[in-house]
Amino acid sequence: MVNASKFISEATAEIKKEAGSERVVIALSGGVDSSVCAALATRAIGDRLVPIYVDTGLMRKGETDRIKEIFGSFNLHVVDAGDEFLDAIAGVNDPEKKRKIIGERFIRVFEREARRSSAKYLLQGTIYPDRIESEGGIKSHHNVGGMPGTMEFTKVIEPIRDLYKDEVREVAGALGLPAELQHRMPFPGPGLAVRVVGEVTRENIAVVREANWIAEQELVERYRPWQCFAALVGLGTGVKGDNRVHGWIVSVRAVNSRDGMTADPVEIPFEVLGRIASRITSEIPEVARVVYDITPKPPATIEYE
Ligand code: XMP
């Protein structure tokens with residue numbers, strides 16, 4: 001475990017030194033990593049920090065409004081880039097290609113916003129497991145390997161690059177961040193796009209967004225898992241009313257983990273699973289069946305792509 005107060009003073013000094021007299025862009029995602037970075041950087045460089053939130057059109061239900069509320073005092077620049085992201089990944093099936101395209105879009109949006117506010121540097125909440133999985137070629141993390149090779153930013157500052165998630169949460173507590181942020185479930189940079197296996201469309205994003213909302217309502221408070229969500233894994237046949245229908249197969253996943261590098265499925269009583277299946281199939285007409293994923297990581301990953 002880190003010594004949180006020592007880490008905070010060292011990281012603040014590092015950001016101050018790295019930033020010099022420049023302005024620095026940070027992308028807030030609403031997660032604990034970027035929130036901790038924003039709090040550290042505000043201590044270090046005050047209003048030379050340019051906080052940006054990108055609505056990629058791939059966010060969870062209510063996420064953008066919640067983030068505006070939480071970070072209202074941060075002078076947050078909210079960028080509505082939904083069409084830009086969804087158009088860029090239209091027709092793309094390959095998971096790594098999807099991640100790369102989304103990573104590249106993020107950088108282009110950051111660059112645009114940086115030009116507008118004369119910022120030269122980018123600050124990111126990359127943590128240790130992100131680097132390990134990217135360097136090991138396991139996946140293109142959107143804020144590491146998913147970044148394009150050529151960037152306008154002359155420097156990337158990563159103050160929490162050596163921390164594990166539980167250490168980040170501890171630092172968040174020591175910085176006085178709200179408990180809601182400190183304990184928030186991780187949400188991947190590429191958003192709901194990695195919860196649709198195969199091609200992403202506006203229609204299937206709307207379906208997976210609703211299914212995630214239901215899974216979270218049923219599982220977060222009751223089990224406090226490391227992460228829980230729903231994904232669209234394919235199409236199958238079902239019966240609704242008197243008709244056979246072709247609809248989505250939704251996979252619900254809830255896992256516990258220390259650092260996201262390994263994970264175990266949460267044991268959920270049948271009764272709760274039954275209610276989730278019933279709610280998802282009745283509240284979302286496009287869904288034909290619901291399954292619960294009991295695969296640990298490894299061999300499965302936590303997300304579906
Ligand atoms: P996987 O699916 O690789 O995910 O087992 C491990 C943890 O990382 C999250 N994840 C990401 N987080 N950018 C992020 O910030 C990403 O590109 C990304 N991909 C996966 C995932 O939700 C899980 O907590």
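Ligands are counted one by one from 1 in listed order, and the atoms in each one are counted from 1 as well. It should be emphasised that the depicted structure is a prediction, and the values quoted were computed from it without experimental measurement.
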- Note on the structure: Among Met185, Arg253, Glu305, Gln227, the residue with a heavy atom nearest to atom 23 (C) of ligand 1 is Gln227
- Message: To the closest 0.5 Å, what do you measure between CG (Asp94) and CD1 (Ile89)?
- Response: 12.5 Å
- Message: Need the ligand 1 atom indices (1-based, order shown) with element for anything under 4.0 Å from a heavy-atom of Pro186.
- Response: 24 (O)
- Message: Evaluate Pro190 for polar contact with ligand 1, using N/O atom pairs at a separation under 3.5 Å.
- Response: no
- Message: Restricting to ring pair (Phe, Tyr, Trp, His ring centres under 6.0 Å), what partner residues turn up for Tyr292, sequence neighbours left out?
- Response: none
- Query: Which of the atoms in ligand 1, numbered in the order shown and given with their element, are less than 4.0 Å from a heavy-atom of Gly260?
  - Reply: 6 (C)
- Message: Once you measure the plane-to-plane angle for Phe110 and Phe106, does it fall in the parallel (<30°), tilted (30-60°) or perpendicular (>60°) bin?
- Response: tilted
- Message: Check for me whether Arg99 has a heavy atom closer than 4.0 Å to any atom of ligand 1.
- Response: yes
- Query: Is any side-chain N of the basic residue among Glu199 and Lys97 closer than 4.0 Å to the acidic one's carboxylate O?
  - Reply: no
- Task: Identify, with sequence neighbours excluded, every residue that meets salt bridge (charged side-chain N to carboxylate O under 4.0 Å, His left out) alongside Asp293.
- Result: Arg253
- Message: Within the 4.0 Å heavy-atom shell around Thr301, which atoms of ligand 1 are there?
- Response: 1 (P), 2 (O), 5 (O)
- Message: Between ligand 1 and Tyr304, can you find any atom pair, the residue atom being a heavy atom, that is separated by under 4.0 Å?
- Response: no
- Those atoms of ligand 1 less than 4.0 Å from some heavy atom in Lys297: 1 (P), 3 (O), 5 (O), 6 (C)
- State yes or no: are the ring centers of Phe229 and Phe187 separated by less than 6.0 Å? no
